[in-house]
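Just follow the structure's listing: the first ligand is 1, and inside any ligand the first atom is 1. Quantities reported herein were computed from a predicted structural model and do not represent experimental measurements.
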Amino acid sequence: MRLKDKVAVVTGAAQGIGQGTAMRFAREGAHVAVCDINAEGVKKVSQDIIALGRKSLWFEVDVSNTAQVNAMVQKTAEAFGRIDILVNNAGGGFNLPNKLEEITDEIWDRVVDTNLKGTFICSRAVAPYMKQQKSGRIINLSSKAGRYGGELTGIQYSSAKAGVMGLTRQLAKDLGPFGITANAIAPGLALSSPRVEKLWMERKTEAERQAVIQAIPLRRLSTVEEQASVILFLASDDASYVSGVTIDVNGGWLVS
Ligand SMILES: NC(=O)c1ccc[n+]([C@@H]2O[C@H](COP(=O)([O-])OP(=O)(O)OC[C@H]3O[C@@H](n4cnc5c(N)ncnc54)[C@H](O)[C@@H]3O)[C@@H](O)[C@H]2O)c1
């Protein structure tokens, strides 16, 4: 087991890549606190983790809300005694308009607050615990959109995910002296949940979907497990000397 008795917090874990990561961590021996704005969904994931014989807590938390995040982190540390790993997964484009002229201030704020500010707020909340332990792993979810622009999302999402890469580099620089690493992954496209599948079908014609797949050297979209595997690598001892990087997990699509 690669995470035996580690304590992890995974945000946005009710479905998709967050759920896949939380379950993968639990199978690798970790105790996992999970949060989401979808309380029913995240409660079920927490029950599934406990059914595997691990400890788990679930929280209804909006990652852009400092008070909620701080309370979650404090309760997790009190219950489990430490925090080894934070996965800042909560995010997405939220099926919102993508055309520049249609992006209202509210749309910009919702997407940037969840994807970028939420990553900052959660990282800030766990940092004191990790510093005290002199160890910790922070793994952020950026996106191919942050490097090259998105397929199903707009400028608000690309900007937030580019910001996540910069935030990751600065976290690595600031927290490295305390034995803490910070890294990110930049997924290509994974039909991770019915929500993302619906967007893929509604926002692309069949011809456009085929063109996307043909542009990916591996000629297919990603699975949730393929994203969770790289997050697991970054959380494991195998990545002890990796910090500040964003790993593309995109099947060779637009390699930088
Ligand atoms: N699926 C992809 O193709 C893809 C590609 C690149 C990056 N990503 C990123 O990976 C992460 C996971 O994506 P996914 O495809 O699994 O999405 P998803 O929509 O399936 O899951 C996201 C989860 O985050 C939760 N969430 C949303 N806002 C939240 C908030 N403010 N506070 C707490 N939880 C919140 C949602 O309720 C949901 O359960 C996101 O950051 C996304 O931007 C996904």
Side-chain angles (χ1 to χ4, degrees), residues 9-24 33-46 58-69 72-73 86-96 109-122 125 139-154 156-165 167-168 184-200 203-204 209 212-213 216 220-228 230-231 246-251 253-254:
V9 176
V10 181
T11 70
Q15 62 178 40
I17 295 170
Q19 176 186 17
T21 300
M23 295 308 298
R24 185 75 195 273
V34 285
C35 80
D36 206 288
I37 48 174
N38 172 359
E40 275 310 303
V42 82
K43 181 180 174 187
K44 167 80 174 64
V45 173
S46 183
W58 66 273
F59 300 91
E60 183 177 1
V61 160
D62 175 345
V63 291
S64 66
N65 182 311
T66 293
Q68 291 179 11
V69 168
M72 165 181 75
V73 168
L86 168 68
V87 181
N88 281 308
N89 167 81
F94 310 128
N95 308 18
L96 294 165
D109 287 346
R110 168 139 189 243
V111 172
V112 175
D113 281 0
T114 306
N115 289 278
L116 181 57
K117 191 177 176 190
T119 300
F120 154 67
I121 289 173
C122 294
I139 298 123
N140 300 327
L141 269 289
S142 181
S143 171
K144 168 193 157 284
R147 289 202 200 275
Y148 317 106
E151 295 300 327
L152 307 173
T153 48
Q156 69 280 35
Y157 181 77
S158 299
S159 304
K161 292 304 196 185
V164 168
M165 293 189 220
L167 187 156
T168 301
I185 67 163
L189 195 47
L191 301 185
S192 49
S193 62
R195 184 192 70 76
V196 182
E197 243 168 81
K198 188 164 175 277
L199 273 186
W200 171 242
R203 293 203 166 164
K204 297 275 183 209
R209 289 195 291 272
V212 167
I213 287 167
I216 301 171
R220 62 179 178 82
L221 305 182
S222 163
T223 65
V224 163
E225 289 70 27
E226 286 169 323
Q227 302 298 326
V230 183
I231 296 172
T246 297
I247 300 180
D248 291 306
V249 191
N250 64 17
W253 196 9
L254 294 169

Please table the atom pairs, donor to acceptor, closer than 3.5 Å between any side-chain atom in residues 189-197 and protein atoms at least two apart or in another chain.
| from | atom 1 | to | atom 2 | distance (Å) |
| --- | --- | --- | --- | --- |
| Ser193 | OG | Gln15 | NE2 | 3.3 |
| Arg195 | NH1 | Asn95 | OD1 | 3.1 |

Give me the pairs of N or O atoms, one from ligand 1 and one from the protein, that sit under 3.5 Å apart.
| from | atom 1 | to | atom 2 | distance (Å) |
| --- | --- | --- | --- | --- |
| ligand 1 | 1 (N) | Ala190 | O | 3.0 |
| ligand 1 | 1 (N) | Ser192 | OG | 3.2 |
| ligand 1 | 3 (O) | Ala190 | N | 2.7 |
| ligand 1 | 3 (O) | Ala190 | O | 3.2 |
| ligand 1 | 15 (O) | Ser192 | OG | 2.4 |
| ligand 1 | 16 (O) | Ile17 | N | 2.8 |
| ligand 1 | 19 (O) | Gln15 | NE2 | 3.3 |
| ligand 1 | 19 (O) | Arg195 | NE | 2.7 |
| ligand 1 | 19 (O) | Arg195 | NH2 | 3.0 |
| ligand 1 | 20 (O) | Gln15 | NE2 | 2.9 |
| ligand 1 | 20 (O) | Ser193 | OG | 2.8 |
| ligand 1 | 31 (N) | Asp62 | OD1 | 2.9 |
| ligand 1 | 32 (N) | Val61 | O | 3.4 |
| ligand 1 | 32 (N) | Val63 | N | 3.0 |
| ligand 1 | 37 (O) | Asp36 | OD1 | 2.5 |
| ligand 1 | 39 (O) | Asp36 | OD1 | 3.4 |
| ligand 1 | 39 (O) | Asp36 | OD2 | 2.7 |
| ligand 1 | 41 (O) | Asn89 | O | 2.8 |
| ligand 1 | 41 (O) | Lys161 | NZ | 2.9 |
| ligand 1 | 43 (O) | Gly92 | N | 3.4 |
| ligand 1 | 43 (O) | Tyr157 | OH | 2.6 |
| ligand 1 | 43 (O) | Lys161 | NZ | 3.1 |

Close side-chain approach of Thr153 and Lys161, heavy atoms under 4.5 Å: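 A side-chain contact under 4.5 Å is absent here.
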
Arg147 and Asp248, any side-chain heavy atoms less than 4.5 Å apart: yes

With sequence neighbours excluded, residues passing salt bridge (Lys or Arg N to Asp or Glu O under 4.0 Å) with Glu226: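 Result, salt bridge (Lys or Arg N to Asp or Glu O under 4.0 Å) vs Glu226: Arg220.
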
Qualifying residues under side-chain hydrogen bond (donor to acceptor under 3.5 Å, both in side chains), relative to Ser46, sequence neighbours excluded: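 Result, side-chain hydrogen bond (donor to acceptor under 3.5 Å, both in side chains) vs Ser46: Ser56.
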
Smallest separation among heavy atoms of Ala90 and Thr11, with atom names: N-OG1, 2.9 Å

